[in-house]
Amino acid sequence: MTAIPGPLDATSMRTHLCGRVGTSDVGDSVRVCGWVAKRREHGEHLAFIDLRDHTGIVQCVVPGTVDVRSEYVIAVEGVVRPRPEGTANPELPTGEVELGECTVTVLASAEPPPFAVEDRVDVDETTRLRHRYVDLRRPRMQANLRLRAAVNGALRAAMDRQGFVEVETPLLWAPTPEGAREFVVPSRLHHGSSYVLPQSPQLAKQLLMVAGIDRYYQIARCLRDEDLRADRQFEFSQLDVEASFVNQDDVLAFVSEAVLDAAEAATGQRPGTIETMTWAEAIDRFGTDKPDLRFGMELVDLSPVFEGTGVKAFGAPCVRAIVLRGGATLTRSRLDTLTDRARTLGAKGLAWFRVVEGDDGTAGLDSPLDRFLSDGERSGLLAATAAGPGDLVLVVADEYRVACSVLGQLRVDLAGRPVSEGPYRYAWVVDFPMFDGVDASGNPVAAHHPFTMPHPDDLDRLESDPTSVRSQAYDLVLNGWELGSGSVRIHRGDIQSRVFAVLGITDEEAESRFGFLLGAFRYGAPPHAGFAVGIDRLTAIFAGEDSIREVIAFPKTQSGSDPMTGAPKALAPGTLADLGLRAVPAPARA
RNA sequence: GGACCUGUGGUGCAGCCUGGAGUGCACGCCGGCCUGUCAAGCCGGAGGGCGCGGGUUCAAAUCCCGUCAGGUCCGCCA
């Protein structure tokens, strides 16, 4: 982390920061301010106070008694001196010195905190959030917030250096139904009408391209009213990027530069390169579009082995497997749990084979399905998976996408490590499909968003075989987390019309939903492309955290509430009336 | 909408499976002692009725049902 230069440490109330008092200050009279981290009294002649600020802790020695308690805010004046022989504390960065002959001024008293302001106490998250201002005093949280600031700073510097212009876009936007559920802001001046908070500045930044900004970026708040997870909050921040007269490679280069800079700023080490793989390859090898490249255990295709098989369970278009080294020791109940998990994920079932050493020294299979296998299938399975005695082979037979995704998830369940654990393995995943399945009316669903440019090689199949069409959309992945996504946008009306037609969006619909964008495009739209990087996720990984809540100052709980403020809360009747709203009682629960 | 885990003094946990007086541990808190500690030490003390509501039972923190809150996940997140 970037240290604040020394002279800035001083204010009119202090000369030094606690964690920066060192041997070079010996002999100086100093004044420090902070919170009482610890008090150790040794009778009427000697007391120690550990004083804490955001830089660390310094020991203050008082020749007498002190009238302070934990978390009192105090100012201490004293003389920096080396600690007496044998009393240095190697655990503390300031442990070589102490402030001697201290006088203490209480700036604010404090009740005992609801929990200790130390990293090593593990406190219930509700309690932490209710008293977040205390939680944030802890060194780990201080470091996380400062790391986030450093990441933001590095991203901004990289974008500035590359000629990008920071432009702020509105938080009060127009509803454009599609995609994530939007937060609604009722209008006071137009009863019955509402703004929405943007799920991203997507359309605004495209308009900025039409406006000739050329290269735009913003550290943008995005808001989505969808269920929360460890890596998802209602509101989150993106490095939002858009550039004109560029292709996909240009965008990947811009964003790589920024992300690698941020990594260097956060970790002190600049990653080598970011590898690129196609979406099809990611699915095929790892069963997911956000592959965790820190470990192998890639998917194995057993379809050739079981082509025309008599094993009923394997009578599916695709038979795939993963191998868990040493997994033969998994108990039957553990395997049952895995089977349940596979079903939860959409598989019809899960077949397992323990690889055992037979009497004759050759590898055999231990499985309820083993007796249904032919000799050829048995040896084919072993050969294809390269599994040996002690290993466990898990097989899913289903449609291609289902088999891959289920095994891809099991792979992470079984062998995955916390996302924040090194090494950091970045990947660009490119050539996403243009469409992902079909909706209730049978129309293809846009995989990214409806302004994504189809892959030029596939454009002629847009109408005839839409599901085979690739798009110029791409994701950035780090250790199995999606860090962000982007695409080359459609800037030509004719192609946009064709895509809308395939999506089943009529001209009238398109006009009512995105009319302002399509209208803008009629006035001269440059070819443009962009990206957005999730800053919460990026920072969490650098911070060694597995939940983005740990790098957000005031996050919401999984049910979307804030234990500190009590949000969300009922509005006062007068507020509702101003907005032309009437609250409907919550439906009675059974 | 669904699955699973958790809920016991201020904090963290054990007790629950196999009901028998809230019983215990660590930290913190309050008071006293203590001139070199630093997760200070020693002595003493206060503080909870086991998330909430039902039920079973002679008896419930413990068993059953429901509910609320937190977490992880599925759905959802163009």
Side-chain angles (χ1 to χ4, degrees), chain A residues 37-51 57-65 69-71 83-92 94-95 98 100 111-131 134-135 176-182 199-200 202-203 222-234 236 337 340-346 405-406 409 412-413 432 434-437 439 444-452 471 473 482 485 487 499 503 505 513-514 534 546-547 549 556-561 563 589-590:
Chain A
K38 209 78 190 182
R39 173 193 48 139
R40 293 179 294 279
E41 287 184 297
H42 290 252
E44 56 183 315
H45 299 293
L46 177 67
F48 299 97
I49 296 172
D50 286 344
L51 190 67
I57 283 174
V58 65
Q59 172 166 283
C60 307
V61 185
V62 180
T65 57
R69 304 275 155 164
S70 287
E71 300 307 314
R83 293 198 184 189
E85 186 69 28
T87 63
N89 183 353
E91 304 287 310
L92 273 185
T94 62
E98 63 188 13
E111 292 176 16
F115 49 88
V117 183
E118 297 168 354
D119 285 342
R120 60 192 165 78
V121 297
D122 190 15
V123 185
D124 174 70
E125 193 158 349
T126 316
T127 308
R128 292 177 59 198
L129 292 183
R130 181 169 295 124
H131 304 280
V134 173
D135 191 34
T176 53
E178 173 124 25
R181 190 179 296 112
E182 296 161 322
Q199 42 184 296
S200 83
Q202 180 59 42
L203 301 183
C222 305
L223 299 110
R224 297 181 186 173
D225 190 1
E226 298 289 351
D227 288 358
L228 277 36
R229 289 286 156 64
D231 61 350
R232 278 159 39 187
Q233 282 271 305
F234 283 152
F236 58 97
T337 305
D340 287 345
R341 172 72 171 157
R343 290 208 178 94
T344 300
L345 295 167
S405 72
V406 170
Q409 187 59 57
V412 172
D413 289 352
F432 269 63
M434 187 76 187
F435 307 102
D436 191 13
D439 66 15
V445 178
H448 189 57
H449 59 61
F451 316 109
T452 304
S471 67
E482 180 192 321
S485 59
S487 63
V499 170
L503 290 169
I505 299 174
R513 277 159 62 174
F514 320 113
D546 300 320
S547 164
R549 293 190 298 277
K556 304 288 187 291
T557 67
Q558 194 164 44
S559 66
S561 61
R589 286 184 170 271

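A note on names: the letters A, B, ... follow the listed sequences, proteins ahead of strands, and every chain is numbered from 1.
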Would you tabulate the nitrogen or oxygen pairs shorter than 3.5 Å linking the protein to nucleotides 27-33 of chain B?
from, atom 1, to, atom 2, distance (Å)
C30(B), OP1, R69(A), NH1, 2.6
C30(B), OP2, R69(A), NH1, 2.9
C30(B), O5', R69(A), NH1, 3.4
G31(B), OP2, R69(A), NH1, 3.2
G31(B), OP2, R69(A), NH2, 3.2

Among [options], which nucleotide has an atom closest to any side-chain atom of [X]?
X       : options                : value
Q558(A) : C77(B), U37(B), G71(B) : G71(B)
T557(A) : G75(B), G70(B), C74(B) : G70(B)
R224(A) : A39(B), A69(B), C77(B) : C77(B)
D227(A) : C76(B), C77(B), G71(B) : C76(B)
T87(A)  : C38(B), G70(B), G75(B) : C38(B)
L92(A)  : U35(B), G71(B), C38(B) : C38(B)
T344(A) : G36(B), C38(B), C74(B) : C74(B)
N89(A)  : A39(B), C76(B), G36(B) : A39(B)

Legend entry - Partners meeting salt bridge (charged side-chain N to carboxylate O under 4.0 Å, His left out) with R181(A) (sequence neighbours left out):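 Residues passing salt bridge (charged side-chain N to carboxylate O under 4.0 Å, His left out) with R181(A): E226(A).
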Inset, instruction - Apply salt bridge (charged side-chain N to carboxylate O under 4.0 Å, His left out) to D135(A) and list each qualifying residue two or more places apart in sequence or on a separate chain. - result: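 Residues passing salt bridge (charged side-chain N to carboxylate O under 4.0 Å, His left out) with D135(A): R128(A), R132(A), R138(A).
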In whole angstrom, give me the gap between the [atom1] atoms of [N] and [M].
N      : M      : atom1 : answer
G12(B) : G19(B) : P     : 29 Å
G22(B) : G48(B) : P     : 14 Å
A21(B) : G15(B) : C1'   : 15 Å
G36(B) : G31(B) : P     : 22 Å

Inset, instruction - Determine whether any donor atom in the side chain of Q59(A) lies under 3.5 Å from an acceptor atom in the base of U37(B), or the reverse, and answer yes or no. - result: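 Present.
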Legend entry - Donor-acceptor pair under 3.5 Å, R232(A) side chain vs C76(B) base: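 It does, because a donor-acceptor pair links the side chain of R232(A) to the base of C76(B) below 3.5 Å.
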Legend entry - Syn or anti for G49(B) (syn when the glycosidic angle lies within 90° of 0):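 G49(B): syn glycosidic orientation.
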First locate atom [atom1] of [X], then atom [atom2] of [Y], and finally report the distance between them rounded to the nearest 0.5 Å.
X       : Y       : atom1 : atom2 : answer
S561(A) : K556(A) : OG    : NZ    : 9.0 Å
K38(A)  : E71(A)  : NZ    : CD    : 10.0 Å
R549(A) : L228(A) : CZ    : CG    : 8.5 Å

Inset, instruction - Please indicate whether E118(A) has more than 12 foreign heavy atoms, meaning atoms of other residues, nucleotides or ligands, lying under 6.0 Å from its CD. - result: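 Atom CD in E118(A) is packed in, count exceeds 12.
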Give [X] one of three labels, base, sugar-phosphate or nothing, depending on what nucleic acid heavy atoms sit under 4.0 Å from its own.
X       : value
E98(A)  : base
S561(A) : sugar-phosphate
R549(A) : sugar-phosphate
R341(A) : sugar-phosphate
A230(A) : sugar-phosphate
P84(A)  : base
R40(A)  : base
D124(A) : sugar-phosphate

Legend entry - Nucleotide forming a Watson-Crick or wobble pair with C63(B), both distances under 3.5 Å: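 The answer is G55(B), by the H-bond criterion.
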Legend entry - Pair partner, C27(B) [Watson-Crick or wobble, under 3.5 Å]: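 Across any shown strand, C27(B) pairs with G10(B).
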Where is the tightest heavy-atom contact between [X] and [Y], given as atom of each residue plus distance?
X       : Y       : answer
L92(A)  : R83(A)  : CD1-NH2, 4.0 Å
P563(A) : T126(A) : CB-O, 4.0 Å
I57(A)  : A37(A)  : CD1-CB, 4.1 Å

Can a side chain N or O of [X] be found less than 4.0 Å away from OP1 or OP2 on [N]?
X       : N      : answer
T127(A) : G70(B) : no
S559(A) : G70(B) : yes
R229(A) : G71(B) : no

Legend entry - T65(A) side chain to A47(A) backbone, donor-acceptor under 3.5 Å: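 Flag not set: sc T65(A) to bb A47(A) has no pair under 3.5 Å.
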Legend entry - Backbone N/O of R69(A) and side chain of R39(A): donor-acceptor pair under 3.5 Å: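 No, R39(A) side chain to R69(A) backbone: no donor-acceptor pair under 3.5 Å.
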Between [X] ([atom1]) and [N] ([atom2]), how many Å, whole number?
X       : N      : atom1 : atom2 : value
D340(A) : C4(B)  : CG    : P     : 11 Å
L345(A) : C73(B) : CG    : C1'   : 9 Å
H42(A)  : G41(B) : NE2   : C1'   : 8 Å
E91(A)  : C38(B) : CD    : P     : 12 Å
I57(A)  : A40(B) : CD1   : P     : 10 Å
R181(A) : G75(B) : CZ    : C1'   : 11 Å
F48(A)  : C34(B) : CZ    : P     : 16 Å
L129(A) : U11(B) : CG    : P     : 14 Å

So which protein N/O to nucleotides 5-8 of chain B N/O distances come out below 3.5 Å?
none

Legend entry - Set of side chain to side chain donor-acceptor pair (under 3.5 Å) partners for D227(A), sequence neighbours left out: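 Here no residue qualifies.
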Between [Y] and [X], is there a side-chain heavy-atom distance shorter than 4.5 Å?
X       : Y       : answer
F234(A) : L223(A) : no
P444(A) : M434(A) : no
V445(A) : F435(A) : no

Give every pair of a protein N or O atom and an N or O atom of nucleotides 13-17 of chain B that lie under 3.5 Å apart, one pair per line with the distance.
none

Inset, instruction - Indicate whether any N or O donor in one side chain lies under 3.5 Å from an N or O acceptor in the other, for Q59(A) and R40(A). - result: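 Yes, R40(A) and Q59(A) have a side-chain donor paired with an acceptor closer than 3.5 Å.
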Inset, instruction - Name the residue closer to the 5' end of RNA chain B, choosing between V123(A) and V61(A) according to the nucleotide with the nearest heavy atom. - result: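 Whichever sits nearer the 5' end wins; that is V123(A).
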Inset, instruction - Starting from the 5' end of RNA chain B, give me the residue, S547(A) or E226(A), whose nearest nucleotide shows up first. - result: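 First, find each residue's nearest nucleotide; the 5'-ward one identifies S547(A).
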